[in-house]
Protein chains: 2
Amino acid sequence: MLDNKWAPPRVLVAVDLVILTLREAKLHVLLTERGIDPFRGTYALPGGFLNNDKEDLLAAAHRELQEETALDPENLHLEQLGAYGAPERDPRGRVISIAYLAISPELPEPSAGGDVTDAAWRLVDDVTSGRLTLAFDHHHILEEGIERARSKLERTTLATAFCGETFTIADLQRVYEAVWGVRLDPRNFYRKAQHAPGFIVPVEAGRRSTRGRPAKLFRAGPSKVLQPPITRPHATWGNR
Amino acid sequence: MLDNKWAPPRVLVAVDLVILTLREAKLHVLLTERGIDPFRGTYALPGGFLNNDKEDLLAAAHRELQEETALDPENLHLEQLGAYGAPERDPRGRVISIAYLAISPELPEPSAGGDVTDAAWRLVDDVTSGRLTLAFDHHHILEEGIERARSKLERTTLATAFCGETFTIADLQRVYEAVWGVRLDPRNFYRKAQHAPGFIVPVEAGRRSTRGRPAKLFRAGPSKVLQPPITRPHATWGNR
DNA sequence: ACAAAAGTGTTTCAGGTACACCCATGG
DNA sequence: CCATGGGTGTACCTGAAACACTTTTGT
């Protein structure tokens, strides 16, 4: 097995990003249209190869994120999703991709650059329903990113990463509703959000005026974990 | 950035395994003593480089697992933990390691082979407490593996993967107690385990006789998820 | 007979769900 | 003054925790 001529193979390493945001109360993902083969003209997750063999994986993810969206590193949740290394996932040869999940507040339209002819926020539903096809195994990576976001919403304070600096409790509720694809009772949600220790802290004298009674403003709290978690409704589907 | 001479770097890809089991009601991890530099003589997680550039990551994990432990692929839970790619994690150069988490029922002592001078089950506590030092960033990988196991116990039926074909509810309880490091009330645990739909199914006419009343035997149920989950005790630490 | 482990019944209490209701503002 | 969304009170019920108690075996 280990004869003295044998040497382990060297492979290309890429970083791909599942960047999720909320636009008009719907979950969107940032996609790029490929300007080069393979898969020229089809949409793909933003990403690319490591720059050099000293670049850290997370640093590469940050670099790709900046290149595509130019957003400030604050308010930005980034975590590793996993490694995707099926032998035939890239027709050019063996490429192992490390995927990262990024959650961001609503952003302006991105602009294309590099080998990319278009960069745009697309409805996640358009991809999961099959109306939009992605290059490589990116459909699979996106599905796992969404599932990760769904489950982290329940146990952590991830939801605030979808919101801007300040937000109302109704804003927060829209995050849960969009990511989980359910309707929640606003009155019960209100209390759950407030009672979860460290989740959100009120912004003094802050109110947002729309139609109806102005809402208090909050910002993200210090905690990373939800102790009495915001739970997905299970048995009784009586929420609205 | 992308001049026409530039080519992405090729790096070595390794697979490392966090193999957890229960021995004498304590959580153990399989470690190997390295027979070659770097880190000759220190303990490390089992693992190795990809065999060739067509080998799938999960297949490589399975291969390494067989090489070290010779256990049958049945009753074996294997899942990807993540990619570890810090630039200086391996003194030989850039190596990216894909870690897998394996959960197995109690096994006989493994035997060393390959570049390894010893292979043995070691107490997880010996590593986390610092009494035993691991090569590379394997301490970090192990910590994440344990944390993954802990949280999956709560939401999924992973616990049965620690048990053999059939087991008693008390066996199952020992799994939770060892992995979480807590004591649970056997009477409440009994009902929770039984009431969780799809978790465990009784084996007809099966009983295990020790001292005291013989216990009913069960086997793993069809479900992968725990709907009324077995929860870690939180506020009140009144379990025993 | 007794110890020990398996398994059941029951009480208490916290928190989820549902929903009636009041509050504050814009039009 | 009324429509609209913000925010509060509360009844009901499920499930977690605690623990007394019965059952079934080995010694």
Side-chain angles (χ1 to χ4, degrees), chain A residues 25 153-155 163 166-177 180 182-197 199-218 225-240, chain B residues 25 153-155 163 166-177 180 182-197 199-218 225-240:
Chain A
L153 264 202
E154 192 159 355
R155 316 296 291 182
C163 300
T166 64
F167 48 84
T168 68
I169 289 187
D171 291 336
L172 209 52
Q173 182 179 340
R174 276 186 281 274
V175 173
Y176 283 86
E177 292 185 334
W180 284 346
V182 298
R183 310 279 319 215
L184 301 171
D185 184 303
R187 301 160 294 190
N188 291 330
F189 184 87
Y190 193 92
R191 258 169 308 204
K192 282 210 226 181
Q194 279 206 316
H195 286 32
F199 188 21
I200 54 176
V201 305
V203 171
E204 290 309 322
R207 296 213 151 242
R208 176 178 305 167
S209 223
T210 55
R211 196 165 39 179
R213 176 174 174 174
K216 287 184 194 147
L217 285 176
F218 296 82
V225 192
L226 283 183
Q227 270 113 12
I230 309 279
T231 48
R232 283 151 122 147
H234 35 275
T236 54
W237 279 91
N239 286 327
R240 284 272 181 92
Chain B
L153 264 202
E154 191 158 355
R155 316 296 293 182
C163 301
T166 63
F167 47 85
T168 68
I169 291 187
D171 290 338
L172 208 51
Q173 181 179 342
R174 275 187 280 276
V175 173
Y176 284 86
E177 292 186 333
W180 285 346
V182 296
R183 308 281 319 214
L184 301 172
D185 184 303
R187 299 159 295 186
N188 290 331
F189 185 87
Y190 192 92
R191 258 169 309 203
K192 282 210 228 181
Q194 278 206 318
H195 287 29
F199 187 21
I200 53 175
V201 306
V203 171
E204 289 310 322
R207 297 216 149 240
R208 176 178 307 166
S209 226
T210 54
R211 191 165 44 176
R213 178 173 173 173
K216 287 185 195 144
L217 285 177
F218 295 83
V225 192
L226 282 183
Q227 269 112 12
I230 308 277
T231 48
R232 285 150 120 147
H234 36 276
T236 53
W237 279 91
N239 286 327
R240 286 270 182 96

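Letters A, B, ... are given to chains in the order of the sequence lines, protein chains preceding strands, and every chain is numbered from 1.
The side chain of Q194(B) sits closest to dT8(C) out of dA16(D), dT25(D), dT8(C). Between dG7(D), dG7(C), dT8(D), one nucleotide has an atom nearer to the side chain of R213(A) than all others, and that is dG7(D). The listed nucleotides are dG7(C), dG16(C), dT8(C); the one nearest the side chain of A215(B) is dG7(C). Nearest to the side chain of N188(A), among dA17(D), dG5(D), dT17(C), sits dT17(C). Listed candidates were dT23(D), dC21(D), dG16(C). Nearest to the side chain of R187(B) is dC21(D).
Between K216(B) and E204(B), none of the side-chain N atoms (NZ, or NE/NH1/NH2) sits under 4.0 Å from a carboxylate O, so this pair counts as no salt bridge.
Rounded to whole Å, atom P of dT24(D) lies 12 Å from atom OH of Y190(B). When rounded to the nearest whole Å, the span between NE2 of H195(B) and P of dA17(D) equals 14 Å. Rounded to an integer number of Å, the gap from CG of D171(B) to C1' of dA6(C) is 13 Å. Following rounding to the nearest Å, L226(A) (CG) and dG16(C) (P) show an atom-to-atom distance of 11 Å. Note: NZ (K216(A)) to P (dC23(C)) measures 14 Å, nearest angstrom. Taking atom CG of D185(A) as the reference point, atom C1' of dT10(D) lies 14 Å away to the nearest angstrom. Atom CZ of F189(B) is separated from atom C1' of dA16(D) by 14 Å (rounded to the nearest Å). The distance between atom OH of Y176(B) and atom P of dA17(D), rounded to the nearest whole Å, is 13 Å.
Smallest separation of non-hydrogen atoms from R174(B) and A25(B): CD-CB, 4.0 Å. Contact between L226(B) and L153(B) at its shortest, heavy atoms only, is CD1-O, 3.9 Å.
Side chain of D171(A) to backbone of T168(A): a donor-acceptor contact under 3.5 angstrom is found.
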Practice item. Decide side chain to side chain contact (heavy atoms under 4.5 Å, CB included) for I169(A) and F189(A); before the verdict, give the C-alpha distance in whole Å, the side-chain angles of both, and the deciding distance to 0.1 Å. Key: CA-CA 8 Å; I169(A) 289 187; F189(A) 184 87; 3.7 Å; yes

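Using a 4.0 Å heavy-atom distance criterion, T168(B) is classed as making no nucleic acid contact.
Both P214(A) and G212(B) sit near DNA chain C, but only G212(B) has its closest nucleotide nearer the 5' end.
Remark: the R191(A) side chain and the dG9(D) base include a donor-acceptor N/O pair separated by less than 3.5 Å.
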